[in-house]
Number of protein chains: 2
Amino acid sequence: MNVTGHTRRPASIRDVATAAGVSYQTVSRVINGHPSVRPSTRERVLAAIEELGFRRNATALALASGRSRAVTVLTANTTHYGYASILQGIEEAARAASYAVGIGVLESAEDAAVAAEVQRAADASGGIVVIAYDPAGVRALGAVPAGLPVVGVVETPASPPDGDRPWVWTDDREAAYQATSHLLSLGHETVHYVAIPSSTRRTSARTSGWRQALKEAGAPQPRPVQSSWGPAGGHAAALKLAKDRSVTAILCGNDDLALGVLRALHESGRSVPGEVSVAGFDDAPHSAFLTPSLTTVRLDFTGLGRSAFALLHGVLEESAPVAPHPVSVPELVVRESSGPPPADA
Amino acid sequence: MNVTGHTRRPASIRDVATAAGVSYQTVSRVINGHPSVRPSTRERVLAAIEELGFRRNATALALASGRSRAVTVLTANTTHYGYASILQGIEEAARAASYAVGIGVLESAEDAAVAAEVQRAADASGGIVVIAYDPAGVRALGAVPAGLPVVGVVETPASPPDGDRPWVWTDDREAAYQATSHLLSLGHETVHYVAIPSSTRRTSARTSGWRQALKEAGAPQPRPVQSSWGPAGGHAAALKLAKDRSVTAILCGNDDLALGVLRALHESGRSVPGEVSVAGFDDAPHSAFLTPSLTTVRLDFTGLGRSAFALLHGVLEESAPVAPHPVSVPELVVRESSGPPPADA
DNA sequence: GCGCCTTGTGTGACCGGTCACATTCATGCG
DNA sequence: CGCATGAATGTGACCGGTCACACAAGGCGC
């Protein structure tokens, strides 16, 4: 509440111009760092800006210049650890670059709904980041009109994308390979895989990394068990697997799934890691505190979000930190949930 | 990619006007549903809109009218369950009302940093929701300039806020009371409390609900143990509590904390619920799948987020769904982690 | 037949910036 | 000395909408 008691509307460049005794264009030059402004003039303008508490109106800037300094993140979910961490990373990087961040949730994967969300995002911001880990996200990525800057956060693509397709991803294949190899090296005959839904119809990179490790070790290749994203899916899947006494190692598509798997094994009276070993993906914050604590592969989602923004930023401005996305290396974290198979197996 | 091969810029109301043979003002009237437009004219305009694929430019609308149909959510965190769920609720409600949602993360609680974020939020949108569960949030709520529509998602206030202060909250007092009473009714002599950080210096509603239940039961009132938000804090706190054999029941400020507590008790060789009972707050998605599954009090964060938006929406537009925030009733969910105290205690 | 209100439509200014171009003045060079 | 050049600054239009007001045509009362 200021002394006058009523909120007066903020100062515009013309107010500043009048106060400094120059034209509005000169003010514009000062706030944009244009070189040819006499130092003494610049000084007066800056003083006026300070005095009036002038702040450049973002809306007017966007309308006049076309550039909006805002990005929208389209995602099917905001609460899952991976999604939320990516969002956090994007926000961090965006804030550092003075960009505003908007979010749009893809509640349905239905084409019309997705298209509507993409439209909203398109006319609310100058660039879009799509988290395309699921069908809704994949469709959204496809529905972005050509010409609109967009970066996709995707599953590891099957083939390296051609040239400059602005995608970022983690090395899921390597991650799955590491986890599977770890379990095999403990002596397990093979490793079963409870998969998160794939965003596409093709075999996911996680699945293929898992397969490759099995193949190289000459281990049998069981069918992957398709599941959902949350613990309930893992729980249901593992209740079935638990009946098969030959199952001694289970790799889970993410840590939430692994949580459900642990629970199901417990309910089935099978001890972890005594009888069955379990490994997850992501290294979510709670994984280290489970009992048994969860062996998992740490993925840097926050860094992934930052990369996504950096890439988009590079497209939006010619200032060129367009360093090709450094695919961060997944890191195996061995904890209590994995161990050698039982002696009698 | 359209046939012309180059992206032409979107149609404006003047393009539509030309196509329909009317003035731009008439087009404006049509898209705003103004009554006095001859039906035949309206028809032609609508046809032109359809044909040209006209969409109203949100930026221009905001600049010209002052209203922006956008809200910004200020929060210290986007990944914790409660925060993320509130955000999700806000987004849901906002999307339904055709509002855009921006987020701003309060990375530091330092005054200058908070003020800067609030400023950014202020000039990016017409209204703000602040999640004020922590010092950064509380400061942000205080730093919002008078006159700017804002709604706070806060801890249960000590006294009912005066009149129309636009705040929403859950009934933390009742929730703590329920959980504590539940544990006492199982026969525990008293209940220890591991607290999440309070946003203010005053006693939180959770603490006071817990105290009240103890008092009514004539149970001893141990000092609450101050902790952090995540499992690590609960873990550290419980390692100490575990040494005290008289501790048979622990109430935790949230489910993440409870997870750390469960872990610490396990490491200390104290069984749950055999020797110690544990209860949490929030009913996070993983709580049902822990071993033992967690007794907790379910809070409707998503609904809270929706209420927050509804309130803000009511302030921003005179269309009046300003029904006073229905404080949602917390629901005790009894699971495996709570049971009677050991016989020898 | 006149004034008056209502309905339908158009005109000009404005929101707060940017952009393209014009203007002024001092300087360098042939 | 005259003229081209560049630095410093100003003017007008524009981005795509809204708002306040003007204005023409038609219906109604008297």
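Lettering of chains follows the sequences in order, A, B, ..., and the numbering in each one begins at 1.
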Closest approach of [X] to [Y] (non-hydrogen atoms, all atoms of both residues):
X: A:Gly104; Y: A:Thr72; value: N-CG2, 4.2 Å
X: B:Glu91; Y: A:Ile103; value: CG-CD1, 3.9 Å
X: A:Val150; Y: A:Pro166; value: O-CG, 3.1 Å
X: B:Trp167; Y: B:Pro157; value: CZ3-CB, 4.2 Å

The helix from C:dG1-D:dC30 to C:dG30-D:dC1: angle between end helix axes, five pairs per end, rounded to 10 degrees: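 That helix has its two terminal axes inclined by roughly 50°.
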Nucleotides 15-26 of chain D: protein proximity per nucleotide (B base, S sugar-phosphate only, - neither; heavy atom, under 4.0 Å): BBBBBB------
Sidechain-backbone polar pair: B:Thr18 side chain, B:Arg14 backbone, donor-acceptor under 3.5 Å: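 Indeed, once roles are kept as given, a pair shorter than 3.5 Å links the two residues.
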Geometric class of the B:Tyr133/B:Trp229 ring pair [parallel <30°, tilted 30-60°, perpendicular >60°]: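 B:Trp229 vs B:Tyr133 ring planes: parallel.
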Short side-chain N/O contact from B:Ser23 to OP1 or OP2 of C:dG10, under 4.0 Å: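 Yes, B:Ser23 has a side-chain N/O under 4.0 Å of OP1/OP2 on C:dG10.
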Lys/Arg-Asp/Glu bridge criterion (N-O < 4.0 Å) met for A:Glu317, A:Arg69: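 Answer for the salt bridge query: yes.
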A:Glu107 and B:Arg95 ion-paired at < 4.0 Å: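 A salt bridge links A:Glu107 with B:Arg95.
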Partner of A:Tyr83 under side-chain hydrogen bond (donor to acceptor under 3.5 Å, both in side chains), chosen from A:Thr75, A:Asn77, A:Asp134: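 With A:Tyr83 as partner, side-chain hydrogen bond (donor to acceptor under 3.5 Å, both in side chains) holds for just one option, A:Asp134.
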Exercise: do A:Tyr24 and A:Asp15 side chains pair donor with acceptor under 3.5 Å: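 Result is no, nothing qualifies.
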Rounded distance in Å - CZ (B:Arg38) to P (C:dT6):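 Rounded to whole Å, this separation is 18 Å.
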Proximity to DNA chain C (any heavy atom under 4.0 Å), residues of residues 40-53 of chain A only: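 The answer is none.
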